[in-house]
Amino acid sequence: MAGDGDHPGANKREREAVGRPEAPSKGGGDAVKRKKPYDAPGARGGGSKEKPQPVTAMEKRVAAEEIFLPESRKPDYKLVKEITVLCQKVRCCNLSGKERSKLLTEALRKMDGKYLEIAGSPVAASVLKLCVQWCSQSEMDPVFVALQPHLLDLSRNKDTGFLVNYIIKGASKEQFALFISSLHGHVASLLHHTIGASVVDRAFHQATRPQKRSLLLELCSTELQLSKDLAQEKQCRLSVLNIISKHGLQKSSVLQHMTTIIQPVLEKGIVEYSIVHMVISEYLTIADKTSALDVIRQLIPHLIQGSSVLDEDVIGQLIPHLTPTKSKAQKKRSKAKKKRSSELLLIRIMQTKEGLKLGLACLKHGLEKDRKRIIKSLKGHIRKLALNDYGCLFVICRLSIVDNTELITEVVVDELTKHLKELIFDKNGRRPLLQLFHPLCSRYLTPRELFYLNYNVPSPVSKVNLDGESDDVADKEHGGSEDTLVVSDSNPIKRRQVLLVKSELYEVLVETCIENVGELLRANFGKDVLYEVEKNNFLEGVTDRIHVLHNAIACDAARPRTDDVDEHAFDNYHSSRIIRRMVLDCPAFAATLWKKALEGKCKLYADGFSSIMVAAYLESPDSRVKDLAKAELQPLIDGGILKPQEHKAEEEK
């Protein structure tokens, strides 16, 4: 030790040189206590009156807190107080547009040159957000110019994230293009942030097609992230498989890059945004079986929980004394917003086609216990899903994939029965009912909707059909017994009969049709439900009630034209065509209608919309129906009064 130049006094001289206190001795007792730092004479009251410099950690912390004392920021404090008062006036109800514009202009004038400082305060940021929401474009421009370099940082703050959303919403095309360019290289990191993801999704919804492509390409590969020219390429649709083949990328590297982006999103539960849905859907198209099933099973727990996004009213809840009194309309909107935030995430994502595809993937390719968890979580929400454009398709899929008939009856069918009258008159609400009578009918579902219903993830399993059967079932050695959809009954007709008859849905549906037969006949959407119920070519045990329904329709059509408050059933556009279909497809109904409403009166209905219904008797494929009306209708045809129309068989399919 001595030979190396190390001796006991060396460390002491080194400490004294840098000004550090002496190390405690090993003796113990009072001698081991650390010496207090030397206090200058000015600090003890003598000599100079200069403020002592902080030495210990406690003194440094106190000095840092003194910077934020109200005395040191008194000018901004007064400004926040003034603009908060103006904000309360702006939010008052019964305020004219000119008065509101005047108050907003005054508030923005007070904040001029201090927009960034104002955005740093939670209370003042909410005031600035209100000004941005209602101000004109000319007043918006200086706000955007001042905050544009800091928008990415503000996007990650829970107090200013909503401000950024309103700035994006009110920005001009040039300003929005600047914001999109500033996102380059930061999309993935923002998606991993709860508030930042909402900002990216807001920009994604507002973006043009090339701008959306630039945001999505950044999430597909690091090579694409470095190039901005690829976003301007014209393609039919953004597909990861097309991008890989066109640019010669390695599928493994793309898969690895997308995994690093998707995994943190799933772990944090930030899965309610459409840009996330699109990225996950594209990931499932290239992922292997294990990876795809892993993502689906991680996604399911989040879908049956509430939203993870911070509600916009949280600032007002944290600072109630600065929240103005709300009007009745504002309270109603706030209540609706809270109700939406408490909804299942599965219901909220059904607002987009990407959300629907993810929901269908979880339903079709999840385990049986996962499907049970999904269906149990939907108890009490089936009505809302059935009335939604995409939600009704999810309900259709759930009715078609049956691996627990009792659970489906308890959760889905029973709730459909409770709200039957509302559903049969709704464009979307009627579709789950029509699916039980006529599955995947192109008359009731558009080609795009049929495409969504037949959507399957390529890698996990073979194709799953909505009639309850699966093609090319995987071998059990490869996990086919777990990952392949299993249904309780491979006979679709028998399964639908169980859901309709044994659950008493069909009985209630027939009674509802009898009670509202006139309204259903003349309704654009209700007439289809009436037709399918009346047709009834496979259900057993309800024949008597169908005859009652036939009589109800015939009695409504038998009323004289002069006695009708509404348009006569034969003269109405919708009812005349649906009665024609019933005559062509149901001989029993045709006979009942002839005896009650048409026999001896065909000449009265030989023109107008009613003529196509009368001519259907001669076009019927059933010879008994033709013989029933031929004697009375043939003279009308020979005289040129009635013109028979060609029967289009494809209409009845």
Side-chain angles (χ1 to χ4, degrees), residues 205 236-239 274 277-278 280-282 284-285 303 346-366 371 374-375 378 381-402 408 412-413 415-416 419-420 422-458 463-471 485 487 492 495-496 499-500 523-533 535 574 578 581 650-653:
H205 277 290
C236 296
R237 60 181 295 269
L238 179 66
S239 172
S274 57
H277 304 161
M278 185 171 291
I280 294 179
S281 298
E282 292 297 330
L284 294 177
T285 61
L303 296 183
L346 180 60
I347 298 176
R348 301 186 69 182
I349 69 172
M350 287 301 155
Q351 305 298 325
T352 61
K353 60 183 180 181
E354 292 83 8
L356 171 65
K357 291 171 69 174
L358 279 191
L360 294 179
C362 294
L363 198 58
K364 291 183 178 183
H365 305 298
R371 289 192 290 274
I374 292 175
I375 195 62
L378 292 177
H381 302 283
I382 297 298
R383 171 188 166 275
K384 184 166 186 177
L385 275 177
L387 296 175
N388 184 270
D389 290 339
Y390 295 112
C392 67
L393 301 180
F394 185 83
V395 177
I396 287 175
C397 182
R398 194 64 194 96
L399 286 173
S400 303
I401 302 175
V402 180
I408 293 293
V412 181
V413 178
E415 187 168 350
L416 293 177
H419 305 282
L420 203 54
E422 180 185 9
L423 296 176
I424 59 178
F425 287 102
D426 186 78
K427 174 186 175 181
N428 299 317
R430 67 192 176 119
R431 288 176 173 174
L433 302 172
L434 295 172
Q435 173 70 12
L436 293 174
F437 289 101
H438 198 161
L440 302 180
C441 178
S442 59
R443 179 185 289 274
Y444 310 130
L445 297 168
T446 64
R448 183 172 291 275
E449 290 168 344
L450 291 172
F451 170 77
Y452 292 147
L453 288 173
N454 291 319
Y455 170 77
N456 288 276
V457 178
K463 183 178 178 181
V464 178
N465 296 326
L466 286 188
D467 59 0
E469 299 174 354
S470 57
D471 302 330
L485 180 65
V487 294
R495 185 181 67 251
R496 279 149 44 202
L499 294 176
L500 280 169
N524 184 20
F525 303 120
K527 69 181 190 301
D528 296 323
V529 178
L530 183 65
Y531 168 76
E532 293 295 344
V533 172
K535 188 177 178 181
H574 299 297
I578 204 65
R581 290 176 62 195
E650 62 272 11
E651 290 185 359
E652 283 72 42
K653 291 183 180 180

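Count residues from 1 along the sequence. The figures here come from the full heavy-atom set of this structure, side chains too, leaving out hydrogens, waters and symmetry mates.
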Closest approach of [X] and [Y], non-hydrogen atoms and distance?
{"X": "L399", "Y": "P432", "result": "CD1-O, 3.8 Å"}
{"X": "L440", "Y": "L445", "result": "CA-CD1, 4.0 Å"}
{"X": "L378", "Y": "L346", "result": "CD2-CD2, 3.8 Å"}
{"X": "S400", "Y": "I396", "result": "OG-O, 2.9 Å"}
{"X": "L363", "Y": "R371", "result": "O-CD, 3.0 Å"}
{"X": "G355", "Y": "M350", "result": "O-CE, 4.0 Å"}

Spacing of [X] atom [atom1] and [Y] atom [atom2] [to the nearest 0.5 Å]:
{"X": "Q351", "Y": "Y390", "atom1": "CD", "atom2": "OH", "result": "10.0 Å"}
{"X": "K357", "Y": "F451", "atom1": "NZ", "atom2": "CZ", "result": "5.5 Å"}
{"X": "C362", "Y": "L303", "atom1": "SG", "atom2": "CG", "result": "5.0 Å"}
{"X": "K384", "Y": "E415", "atom1": "NZ", "atom2": "CD", "result": "12.0 Å"}
{"X": "M278", "Y": "K353", "atom1": "CE", "atom2": "NZ", "result": "6.5 Å"}
{"X": "L284", "Y": "H365", "atom1": "CG", "atom2": "NE2", "result": "8.5 Å"}

Under a 3.5 Å distance rule, please check whether [X] uses its side chain to pair with a backbone N or O of [Y] as donor and acceptor.
{"X": "E532", "Y": "F437", "answer": "no"}
{"X": "K364", "Y": "Y455", "answer": "yes"}
{"X": "R430", "Y": "G526", "answer": "no"}
{"X": "N428", "Y": "D426", "answer": "no"}
{"X": "K527", "Y": "N524", "answer": "yes"}

Taking the side chain as every heavy atom from C-beta outward, state whether [X] and [Y] have any atom pair closer than 4.5 Å.
{"X": "L387", "Y": "E422", "answer": "yes"}
{"X": "L360", "Y": "L393", "answer": "no"}
{"X": "I280", "Y": "E354", "answer": "no"}

Testing N388, I347, L453, I374 for side-chain contact (heavy atoms from CB on, under 4.5 Å) with F394, which one passes? I374

Would R581 count as a cation-pi partner of Y531, with NZ or CZ less than 6.0 Å from the six-membered ring centre and within 45° of the ring normal? yes

Check the pair L420 / L433 against side-chain contact (heavy atoms from CB on, under 4.5 Å), numbers first and verdict last. CA-CA 9 Å; L420 203 54; L433 302 172; 3.7 Å; yes

